[in-house]
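All heavy atoms count here, side chains included; hydrogens, waters and symmetry mates do not. Just so it is clear, the structure is predicted and the values come from calculations on it, not from any experiment.
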Amino acid sequence: MTPQLRAEKSAAAMWSTDTASQSLGMRIDHIAPGAADLSMVVTAAMLNGHGIAHGGYIFTLADSAFAFACNSYNQTTVAQQNQITYLSPGQPEERLTATAREVSRSGRSGIYDVTVTGEDDRVVALFRGLSRSIKGQLFTEEEPT
């Protein structure tokens, strides 16, 4: 199985039970080994008291992109630590895009950077996720014949 096909099958397996991302209207725009782009529209229900995107929703988008990127190898991987810095507000009805890229992967640990951007390409937030692989796979891979 090619690395790209493994990443696609891993994403499909995760997406099938990811009700959190689905319920927020997220979509997977790109998946590759160690990389994922997810996006969502900021709805009225996601606005805070200032009329801008609540930071928790921005974090959730970044965290979901991080999850799809670090699980793209068909090895069950969870978050160990995350950090986010907000730089610009997400606006009502704006599609935000979270671009996750692997920085390092060694043994059971990984480091991923996620940039959340607005429709005008401004940086809304920077997120760093540390991952830890645990037992299990997202799908059963067939042995080559």
Side-chain angles (χ1 to χ4, degrees), residues 1-43 45-48 50 52-91 94-145:
M1 178 177 304
T2 67
Q4 179 62 33
L5 181 57
R6 182 173 292 111
E8 291 170 6
K9 288 186 76 165
S10 296
M14 276 187 54
W15 185 257
S16 70
T17 58
D18 187 349
T19 55
S21 297
Q22 291 177 35
S23 70
L24 293 174
M26 291 183 200
R27 70 180 190 204
I28 300 172
D29 298 318
H30 171 75
I31 190 76
D37 299 352
L38 271 68
S39 64
M40 75 176 186
V41 174
V42 177
T43 66
M46 297 176 183
L47 301 179
N48 64 17
H50 299 295
I52 56 176
H54 188 288
Y57 289 103
I58 297 169
F59 183 96
T60 302
L61 175 63
D63 186 47
S64 290
F66 160 64
F68 280 91
C70 68
N71 278 279
S72 62
Y73 300 101
N74 193 28
Q75 183 170 2
T76 304
T77 304
V78 296
Q80 181 173 280
Q81 178 182 352
N82 296 323
Q83 171 186 323
I84 194 164
T85 303
Y86 300 101
L87 301 171
S88 175
Q91 298 299 323
E94 177 179 38
R95 179 167 292 281
L96 300 179
T97 300
T99 303
R101 297 297 180 263
E102 186 176 273
V103 175
S104 173
R105 182 171 167 258
S106 178
R108 294 175 51 207
S109 299
I111 301 172
Y112 295 79
D113 283 342
V114 183
T115 302
V116 179
T117 55
E119 290 178 343
D120 60 358
D121 292 327
R122 78 187 182 291
V123 177
V124 172
L126 298 173
F127 172 108
R128 174 158 277 189
L130 307 183
S131 69
R132 189 76 171 168
S133 294
I134 59 175
K135 290 182 182 179
Q137 293 183 313
L138 299 167
F139 66 93
T140 303
E141 291 192 50
E142 295 179 18
E143 294 296 323
T145 56

Heavy-atom closest pair, residues [X] and [Y]:
X	Y	answer
T76	L138	OG1-N, 4.3 Å
S109	R132	OG-NH1, 2.8 Å
W15	S21	CZ3-CB, 3.8 Å
A98	V114	CB-CG1, 3.8 Å
S88	V123	CB-O, 3.3 Å
A65	A100	O-CB, 3.5 Å

Look only at the side chain of [X] and the backbone of [Y], and say whether a donor-acceptor pair between them is shorter than 3.5 Å.
X	Y	value
H50	I52	no
S72	G34	yes
E102	C70	no
Y73	A7	no
S64	L61	no
N74	F139	yes

Would you indicate whether the side-chain heavy atoms of [Y] and [X] approach each other to under 4.5 Å?
X	Y	answer
M46	M40	yes
R122	L87	no
T60	L24	yes

Taking only residues at least two apart or on different chains, which pairs with a member in residues 98-119 satisfy ring pair (Phe, Tyr, Trp, His ring centres under 6.0 Å)?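 Those involving residues 98-119 are F66-Y112.
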Within 6.0 angstrom of H30 NE2, more than 12 heavy atoms from elsewhere: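 Yes, enclosed.
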Applying side chain to side chain contact (heavy atoms under 4.5 Å, CB included) to I84 and L126, what does each step give before you reach the verdict? CA-CA 6 Å; I84 194 164; L126 298 173; over 6 Å; no
Name all residues meeting the side-chain hydrogen bond (donor to acceptor under 3.5 Å, both in side chains) criterion together with [X]; count only those two or more places apart in sequence or in a different chain, and write none if there are none.
X	result
R27	D29, S39
R6	E141
T77	S133
Q4	E8

Contacts of D18 that satisfy salt bridge (Lys or Arg N to Asp or Glu O under 4.0 Å) - sequence neighbours left out: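 Once residues adjacent in sequence are excluded, D18 has no partner under the salt bridge (Lys or Arg N to Asp or Glu O under 4.0 Å) criterion.
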Drop me the distance from [X]'s [atom1] to [Y]'s [atom2], to the nearest 0.5 angstrom.
X	Y	atom1	atom2	value
I28	F68	CD1	CZ	4.0 Å
T117	R95	OG1	CZ	11.5 Å
R108	S131	CZ	OG	10.5 Å
S10	N71	OG	CG	7.5 Å
M1	K9	CE	NZ	4.0 Å
D37	T97	CG	OG1	7.5 Å

Salt bridge or not for R101 and D113, using N-O below 4.0 Å?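 Answer for the salt bridge query: no.
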Option from T85, V116, D63, I58 for which side chain to side chain contact (heavy atoms under 4.5 Å, CB included) with F127 holds: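 By the side chain to side chain contact (heavy atoms under 4.5 Å, CB included) criterion, F127 pairs with just one of T85, V116, D63, I58: D63.
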